[in-house]
K.L.:
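My structure is below; once you've seen it, I'll send some questions.
As the structure is a prediction and not an experimental result, all values here were calculated from the model.
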Amino acid sequence: MAEDVDILLIRQIARGECAAEHALYQRHIRYLTAVAARYISNDEDLRDVLQDALVKIFANLSSFQYRGAGSLRAWMSRIVLNDALKFLRDNSRLQFVELDHEATHIADPPPEAEAVPADVIHSLIRELPDGYRTIFNLYLIENKSHKEIAKLLGIKESTSASQFHRAKVALAEKITNYLQHNRL
C-alpha cells in the first residue's frame, strides 16, 4: 500500500537515512511540482518555491501526524500551496481589480474545450495573470469558497468572485483562440 511506503520512509528519515529522503522526494515531487505550477508560471520562480517548500517539509516531517490515506500528500501540498501564495504576495504579483456586481453575473458562452488536450488547457491557465490564475485554481482545484479565498489573500469576497469571473472569461478567450488557430 502506498501509505505504508510513506510511513516506512518517514520512519527511516527520522533515523537519519538519506536514501529515504531521496525516495520520499522521488515519490512526491511530480505532484508537488504540479501543485506549485498552478500558481507560479515562471519556471525559475517555481523551482525556488519548491525548494523552499521542500526544506520546510523535511525540516518539519517529525511534526507530521498521519491521519489516514492521503494525509502526507495533503500536508505536503498545503505547505507548497502556502509557499506559492506567500511568494506571489511577497513579490506583489497578486493585483486585483473589483468588478461591479452586475458585471460578475454576465452569462459566459463556454468554449467547446473537449477537443483541447489537457496539457494545452494547463498551459493556457498558466498564461493567466497571477491574480486570475491564483483565484481560479483556489476555487476550482482547491475547492475553496470565495469567503475562504478572501481570507487567504486578504481581499474582499466580491473581489475573489470578480477575479474568478475574469479568469473564466480570459481562459475562454484563450481556448477559443487556440481552437481557431488549430482548427480542432
K.L.:
Which value, rounded to the nearest 0.5 Å, describes the distance between Lys56 atom NZ and Gln51 atom CD?
P.N.:
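Lys56 atom NZ to Gln51 atom CD measures 12.0 Å (nearest 0.5 Å).
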K.L.:
To check you understand the geometry: which heavy-atom pair defines the closest contact between Val80 and Ala53, and what is its length?
P.N.:
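Looking at all heavy atoms of both residues, the shortest contact is CG2-CB, 3.8 Å.
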K.L.:
Look at atom CD of Gln26 and say whether more than 12 heavy atoms of other residues, nucleotides or ligands are closer to it than 6.0 Å.
P.N.:
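More than 12 within 6.0 Å, yes.
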K.L.:
Give the minimum heavy-atom separation between Arg73 and Arg27, together with the two atoms involved.
P.N.:
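Where Arg73 meets Arg27 most closely, the heavy atoms are NH2-O, 3.6 Å.
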K.L.:
Under 3.5 Å, is there a donor-acceptor pair between the side chain of Arg126 and the main chain of Ile40?
P.N.:
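Such a contact is found between Arg126 side chain and Ile40 backbone.
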K.L.:
Relative to each other, are the rings of Tyr25 and His22 parallel, tilted or perpendicular (30° and 60° limits)?
P.N.:
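Parallel.
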K.L.:
Going through the checks in order, is the salt bridge (charged side-chain N to carboxylate O under 4.0 Å, His left out) test met by Asp83 and Lys86?
P.N.:
CA-CA 5 Å; Asp83 275 15; Lys86 181 182 182 314; over 6 Å; no
K.L.:
Between Leu50 and Val55, is there shared hydrophobic-cluster membership here, with clusters defined by ILVMFWY side-chain heavy atoms closer than 4.5 Å?
P.N.:
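Different hydrophobic clusters.
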K.L.:
Give a yes or no on whether the backbone of Thr159 and the side-chain of Ser162 come within a donor-acceptor separation of less than 3.5 Å.
P.N.:
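Flag set: sc Ser162 to bb Thr159 pair under 3.5 Å.
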K.L.:
In Å, rounded to the nearest 0.5 Å, how long is the span from CE of Met76 to CG of Asp6?
P.N.:
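That separation rounds to 6.5 Å.
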K.L.:
Would you check, one step at a time, whether the test side-chain contact (heavy atoms from CB on, under 4.5 Å) holds for Asp48 with Phe87?
P.N.:
CA-CA 9 Å; Asp48 289 344; Phe87 174 84; 5.6 Å; no
K.L.:
Can you measure from CG (Leu32) to CD1 (Ile79) and round to the nearest 0.5 angstrom?
P.N.:
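Leu32 CG to Ile79 CD1: 9.5 Å, rounded to 0.5 Å.
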K.L.:
What are the two closest heavy atoms between Tyr39 and Val35, and how far apart are they?
P.N.:
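Heavy atoms of Tyr39 and Val35 come nearest at CD1-O, 3.3 Å.
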K.L.:
I need the Ser160 OG to His165 NE2 distance, nearest 0.5 Å.
P.N.:
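Separation between the atoms: 13.5 Å.
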K.L.:
Taking all non-hydrogen atoms of both residues into account, name the closest pair between Leu153 and Arg89 and its distance.
P.N.:
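Residues Leu153 and Arg89, closest heavy atoms: CD2-NH1, 4.2 Å.
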K.L.:
Distance from Asn143 atom CG to Glu148 atom CD, nearest 0.5 Å?
P.N.:
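Those atoms lie 9.5 Å apart.
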K.L.:
So which atom in Ala167 and which in Leu128 form the shortest heavy-atom distance, rounded to 0.1 Å?
P.N.:
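The answer is O-CD2, 4.1 Å.
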K.L.:
For the hydrophobic clusters of this structure (ILVMFWY residues joined by side-chain heavy atoms under 4.5 Å, transitively), does one cluster hold both Val5 and Ile57?
P.N.:
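Val5 clusters together with Ile57.
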K.L.:
Which pair of non-hydrogen atoms, one from Leu9 and one from Ala23, has the smallest distance, and what is that distance?
P.N.:
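Looks like CD2-CB, 3.7 Å.
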K.L.:
Counting distance only, does the side-chain N/O of Ser123 pair as donor-acceptor with the main-chain N or O of Asp119 below 3.5 Å?
P.N.:
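Side chain of Ser123 to backbone of Asp119: no pair is present.
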K.L.:
Hey, could you give me the OG/CD distance between Ser71 and Gln65, rounded to the nearest 0.5 Å?
P.N.:
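So the OG of Ser71 and the CD of Gln65 are separated by 10.0 Å.
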K.L.:
Report all side-chain donor-acceptor pairs from residues 10-21 shorter than 3.5 Å, counting only partners two or more places apart or in another chain.
P.N.:
from, atom 1, to, atom 2, distance (Å)
Arg15, NE, Glu17, OE2, 3.2
Arg15, NH2, Glu17, OE2, 3.3

K.L.:
Kindly write out the residues that satisfy side chain to side chain contact (heavy atoms under 4.5 Å, CB included) with Tyr139, not counting sequence neighbours, or none if the list is empty.
P.N.:
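Side chain to side chain contact (heavy atoms under 4.5 Å, CB included) list for Tyr139, sorted by chain: His146, Ile149, Phe164.
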